[in-house]
Amino acid sequence: MAEKVTGAEALMLSLKNEGVTTIFGYPGGAIMPTYDALYDYTRGEKKCFEHVLVRHEQAATHAAEGFARVSGKVGVTLVTSGPGVTNTLTGVADAMMDSTPIVVIAGQVGTPMLGSDAFQEVDLVSVAQPITKWTYQIRRAEDVAWAVSRAFFIASSGRPGPVVLDFTKNAQTDLVEYKPADVHFIRSYVPSPEPKEEAIKAAAELINSAKKPLALVGQGVELGNAQEELKAFLEKADIPAGRTMLGLSALPSNHKLNMGMLGMHGSYSVNIKEQEADVIIAVGMRFSDRVTGNLSKYAKQAKIIHLDIDASEIDKNVKTTVAVVGDCKKTLPAITALLKEADHTDWKESFQPLRQQEIERVITPATKPTSGPLLMGEVAHAVAKATNSESILVTDVGQNQLMSVRYYKFHKPRSIATSGGMGTMGYGLPAAMGATYGAPDRTVCCFMGDGGLQMMIQEFGTIMEYQIPVKMILLNNSYLGNVRQWQDMFFNHKRSFTPMVNPDFGKVAEAYNIPHRIVKDRAELQDAIQEMLNTKGAFFLEAVIKPDANVEPMTAPGRAVDEMQLNVEC
């Protein structure tokens, strides 16, 4: 007979069985038996986990997201019941929107007390179900191994996403004979549908007949580890490509077929050309409103081929001509095998005058100014150049995000972590912490605004305690910059509660023993960046930037993508 262990220790063994190495968490009453078991698994002979004590539970989920984004593994969060787990739900919703695989394990009151409004009880299953792939309440120690295995299978398979396990206190303390579980099949759950041969053929025929094909590359390529398959597909058919924000590192920035970023603040040429393409091939992207602009005017001239692992995305926003449902790791090579070698030189060259316009009117002024205050674009450009485009970019949300993703360059896969669908301010700092654990051999640069930083500034404590080597770049304009830009553009310059009175961020960093430097003059920028990169461990670089600079170009809400403005008029 196998030795009996508590349900809490069964959880430790189950997580070990799943290959977990890092847990981001915060203890409390209802999860205390699990933390008691965890103690032995973070030291001594049993040691197999590193537990990172964050300073807020929302940070735990964002850290797990950052870990998952850059590693391709499942991020893990461990918290207590009530406010502990409700604090994680913003991160859970963020992970759901951006297809990020995380597992959140939360303590819960004992089974006999469920429904009694006991201290720190919340009906987590009801609350979390709409924003997760799966939510389950573990009421018996006997169910721990099965529930954990199933959770990791669901979180990581098919279109990834978050799973929440509600772990009752009695299930943590009761004894069980532990046996590892291996869930790789669930009836009625088909994570990766087998692509239909007729759809593959129809897609290839359309592409072979196209005169002006355009590929739209999304994060699904990264999630499916299909970066090489994508390049082979594009190169054989000579198809220019635009990338979504989350898909930016799916295709190297310097690839000859890369035409830039899609979307509201993307590249001018690729947004204009979407309205000229005769065949659009969307790969692992969901036709977000930030990409399509006004749907009633979007790409009416084009036949649409949509490759996605999730059938629910097909025809959700944009009507497709051919739907190829399946893993792009399989569907891309299958289509490529049927493609003819093509040459679309004239079509590709038609992007160049538009790109040149953007370079002259937007990019050069934003990245190489000769006078005036520091600009967001020049800071992002300078950091990217100094890291040889080898570092991982993590951003918060707002102008810092939109400018850094525009001017950063990517040479390696899985090199960007940012909040796309939810647009969660406060995401950047904890996600960057998680990214350093997910890719410990790479430099992680985190761009933040003064608003987003202050939503998670307590995580300086986590960085201090664990000596997390994240390079933090604050673009400080003393505004909620993106909201201010919209107020100037659409609300008659009425800057309602967007100016910010900020603390001395350098003193805050100093209080946490984090090396820091403030830059106001561009003559100091290069030296400051080198100091940041040469400093072992964490570094906080504050760039004081022009207060009222705008993100350009921009497609205004309600406009078609080809109505993009190179220069924003306020």
Side-chain angles (χ1 to χ4, degrees), residues 242-255 258-271 290 354-370 372-412 415-420 428 432 443-449 452 471-477 481-482 485 519 522 525-526 528-530 532-533 541-546 549-555 564-568:
R243 303 160 299 160
T244 68
M245 183 186 292
L246 296 185
L248 282 172
S249 61
L251 183 68
S253 299
N254 59 0
H255 193 281
N258 167 40
M259 298 298 161
M261 186 174 77
L262 299 160
M264 178 178 279
H265 292 288
S267 301
Y268 187 59
S269 64
V270 73
N271 279 279
R290 284 298 193 261
L354 298 170
R355 296 179 83 174
Q356 191 59 36
Q357 285 184 50
E358 184 176 1
I359 289 170
E360 292 174 1
R361 294 178 58 183
V362 179
I363 295 175
T364 299
T367 59
K368 299 177 181 177
T370 56
L374 277 171
L375 299 178
M376 293 177 280
E378 69 175 307
V379 177
H381 175 73
V383 172
K385 190 174 180 180
T387 60
N388 297 314
S389 301
E390 297 289 327
S391 59
I392 290 171
L393 171 67
V394 182
T395 84
D396 207 86
V397 167
Q399 288 184 320
N400 68 90
Q401 172 191 42
L402 301 171
M403 293 298 272
S404 59
V405 298
R406 273 186 58 78
Y407 295 115
Y408 228 73
K409 304 298 179 186
F410 304 94
H411 292 165
K412 294 181 178 180
S415 292
I416 182 170
T418 189
S419 176
T443 299
V444 176
C445 294
C446 178
F447 282 79
M448 301 170 287
K471 309 302 183 183
M472 297 164 275
I473 303 99
L474 172 64
L475 302 179
N476 186 0
N477 58 8
N482 208 42
Q485 178 172 332
V519 177
R522 66 174 43 87
L525 181 60
Q526 296 294 339
I529 291 171
Q530 285 304 318
M532 175 182 74
L533 296 175
L541 175 61
E542 178 182 357
V544 178
I545 59 170
K546 185 179 179 182
N550 292 321
V551 182
E552 298 174 325
M554 180 177 180
T555 303
M564 175 174 254
Q565 300 168 253
L566 273 173
N567 299 115
V568 171

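Along the sequence shown, residues are numbered consecutively beginning with 1. Atom set for the values below is all heavy atoms of this structure, side chains included, hydrogens, waters and symmetry mates excluded. Computed from a predicted structure; not experimentally measured.
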Point to revise | Reported OG1-to-CG distance for the pair Thr418 and Leu393, which is rounded to 0.5 angstrom | key: 7.0 Å

Using atom types as modelled, flag every donor-acceptor pair under 3.5 Å from a side chain in residues 261-270 to any protein atom, sequence neighbours excluded.
unit_1: His265; atom_1: ND1; unit_2: Pro553; atom_2: O; d: 3.0
unit_1: Ser267; atom_1: OG; unit_2: Met261; atom_2: N; d: 3.0

Practice item. Check whether any side-chain heavy atom of Met259 sits under 4.5 Å from a side-chain heavy atom of Arg355, and report yes or no. Key: yes

Practice item. Please report the closest heavy-atom contact between Ala382 and Gln526, naming both atoms and the distance. Key: CB-NE2, 3.8 Å

Practice item. Tell me yes or no: between the side chains of Tyr408 and Ser391, is some donor less than 3.5 Å from an acceptor? Key: yes

Practice item. For Arg243 and Asn258, work out which heavy atoms get closest and say how close. Key: NE-OD1, 3.0 Å

Revision key, fill the gap. Contacts of Lys412 meeting side chain to side chain contact (heavy atoms under 4.5 Å, CB included) (sequence neighbours excluded), chain-then-number -> Glu390, Ser415, Arg442

Review point. Which pair of heavy atoms, one from Ala432 and one from Val394, lies closest together, and at what distance?
Key: N-CG1, 3.7 Å

Review point. So, Glu358 and Arg406, do they make that salt bridge, N to O below 4.0 Å?
Key: yes

Revision key, fill the gap. The reported gap from CG in Leu566 to CE in Met554 (rounded to nearest 0.5 angstrom) is 13.5 Å

Check your understanding: Do Leu402 and Asn482 pass the side chain to side chain contact (heavy atoms under 4.5 Å, CB included) test, and can you show the C-alpha distance, the side-chain angles, and the key distance before you say yes or no?
Key -> CA-CA 9 Å; Leu402 301 171; Asn482 208 42; 3.6 Å; yes

Review point. Does any N or O in the side chain of Asp396 come within less than 3.5 Å of the main-chain N or O of Met448, such that one atom is a donor and the other an acceptor?
Key: no

Review point. Between Tyr407 and Ile363, is any pair of side-chain heavy atoms under 4.5 Å apart?
Key: yes

Point to revise | Distance in Å, His411 NE2 paired with Ser253 OG, rounded so as to fall on 0.5 Å steps | key: 6.0 Å

Exercise for review: Quick one: closest heavy-atom pair of Leu375 and Arg522, and the distance?
Suggested key: N-NH2, 4.4 Å

Exercise for review: Evaluate side chain to side chain contact (heavy atoms under 4.5 Å, CB included) for Val568 paired with Gln485, printing each intermediate quantity in order.
Suggested key: CA-CA 9 Å; Val568 171; Gln485 178 172 332; 4.1 Å; yes

Practice item. Before giving the answer on side chain to side chain contact (heavy atoms under 4.5 Å, CB included), spell out for Val379 and Ile473 the whole-Å C-alpha distance, their side-chain angles and the decisive distance to 0.1 Å. Key: CA-CA 9 Å; Val379 177; Ile473 303 99; 3.9 Å; yes

Revision key, fill the gap. Nearest heavy-atom contact between Val362 and Asn567 is CG2-ND2, 4.2 Å

Review point. Can you check side chain to side chain contact (heavy atoms under 4.5 Å, CB included) on Val544 and Val519, steps first, answer last?
Key: CA-CA 6 Å; Val544 178; Val519 177; over 6 Å; no

Revision key, fill the gap. Here the gap from Thr387 atom OG1 to Lys409 atom NZ, rounded to the nearest 0.5 Å, amounts to 12.0 Å

Review point. With no hydrogens and no angle check, is any side-chain donor or acceptor of Glu542 less than 3.5 Å from a backbone partner on Leu474?
Key: no

**Study point:** Spatial distance of atom NE2 (His381) from atom OG1 (Thr364) [nearest 0.5 Å]
**Key:** 9.0 Å

Revision key, fill the gap. Rounding to 0.5 Å, atoms CD (Glu378) and OG1 (Thr367) come to a distance of 8.5 Å

Point to revise | Minimum-distance pair of heavy atoms, taken over all atoms of Ser404 and Thr395 | key: OG-CG2, 3.3 Å

Practice item. Indicate whether the side chain of Glu360 and that of Gln356 have a donor and an acceptor atom separated by less than 3.5 Å. Key: yes

**Study point:** With sequence neighbours excluded, residues passing side chain to side chain contact (heavy atoms under 4.5 Å, CB included) with Asn477
**Key:** Gln399, Asp450, Tyr479, Ile545

